[in-house]
Amino acid sequence: MIKKKDGCLVVISGPSGAGKDTICAELLKRHKEMYLSISMTTRNIRGSEVNGKDYYFVSEEEFIKNINNNNFIEYAKVYDKYYGTPKSEVENRLKQGIDVLLVIDIQGALNIKKLYKNAIFIFIMPPDLTTLIKRLVKRNTSSKDAILERFKTDYKLINEYNKYNYVVVNDNIIDATNKVDAILLASKCSVDRIESLDLQTEEEIIHEILIS
Ligand code: 5GP
């Protein structure tokens with residue numbers, strides 16, 4: 001009876017180590033049809049990352065070619081490297097009614113806000129910043145200096161939380177994922193997402209009742 005619009009575009013941001021990727025992985029386990037967009041980046045591949053699964057790792061030259069060919073919905077320079085969201089992969093899925101997750105930084109989120117009026121913006125907040133940094137240093141995938149440098153950028157980002165629709169504090173992955181899931185469920189019922197009610201006319205309904 002109700003005609004729904006395209007799939008939901010869900011934009012997730014938050015500081016490094018806040019648990020964005022783990023929350024998305026949990027969401028994808030629960031919703032097999034959901035799609036996590038794979039960004040393109042010029043940064044180096046890290047640890048166990050796989051090209052084409054975690055990111056499309058490309059040279060700066062190739063990234064700029066993609067910018068010029070208008071292949072991104074948005075792109076930004078984050079921590080001095082390029083990151084961009086491939087356009088066709090996301091738009092095709094949204095058109096098919098598939099929900100799409102984007103894990104991107106605030107510059108990207110603000111650009112998406114201009115283009116997709118019905119997108120949902122969720123900010124993932126760590127419960128305690130000092131513990132977060134200590135954990136990142138211990139994890140040892142980047143140097144202490146690099147982590148502290150990222151933290152400075154992230155700290156500015158945290159103060160921009162009010163540009164998002166929702167803030168989810170991640171002190172427990174399951175609780176945080178449940179909250180994101182509840183936000184998605186509620187957003188799907190929003191009147192903004194209803195294209196038309198596609199109802200029978202009043203006369204048609206009365207006629208059907210009278211002849212039955
Ligand atoms: P990392 O290098 O740690 O994987 O990601 C660094 C930052 O870049 C994170 O804040 C991440 O959300 C952001 N990022 C990843 N992909 C994109 C993208 O396609 N566009 C934008 N604007 N940011 C992205």
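In listed order, ligands and their atoms are each counted from 1.
Within the structure, the ring-ring contact (aromatic ring centres under 6.0 Å, His included) test picks out the following pairs touching residues 116-151 (sequence neighbours left out): Phe123-Tyr164, Phe151-Tyr155. Residue pairs meeting the salt bridge (charged side-chain N to carboxylate O under 4.0 Å, His left out) criterion with at least one member in residues 26-38, sequence neighbours excluded: Glu26-Lys29, Glu26-Arg30, Arg30-Asp181. For residues 4-61, the ring-ring contact (aromatic ring centres under 6.0 Å, His included) pairs, not counting sequence neighbours, are Tyr55-Phe57, Tyr55-Tyr83.
Annotation: cation-pi geometry not satisfied between Lys87 and Phe72 (NZ/CZ under 6.0 angstrom from ring centroid, within 45° of ring axis).
Judged purely by distance below 3.5 Å, without hydrogens or angles, the side chains of Lys65 and Asn68 never pair a donor atom with an acceptor atom.
Ring planes of Phe63 and Tyr75: perpendicular class, angle over 60° (limits at 30 and 60°).
The protein residues lying under 4.0 angstrom from ligand 1, judged by non-hydrogen atoms, are Lys20, Ser39, Arg43, Arg46, Tyr55, Glu74, Ala76, Val78, Tyr79, Tyr83, Gly84, Thr85, Val103, Ile104, Asp105, Gly108, Arg150.
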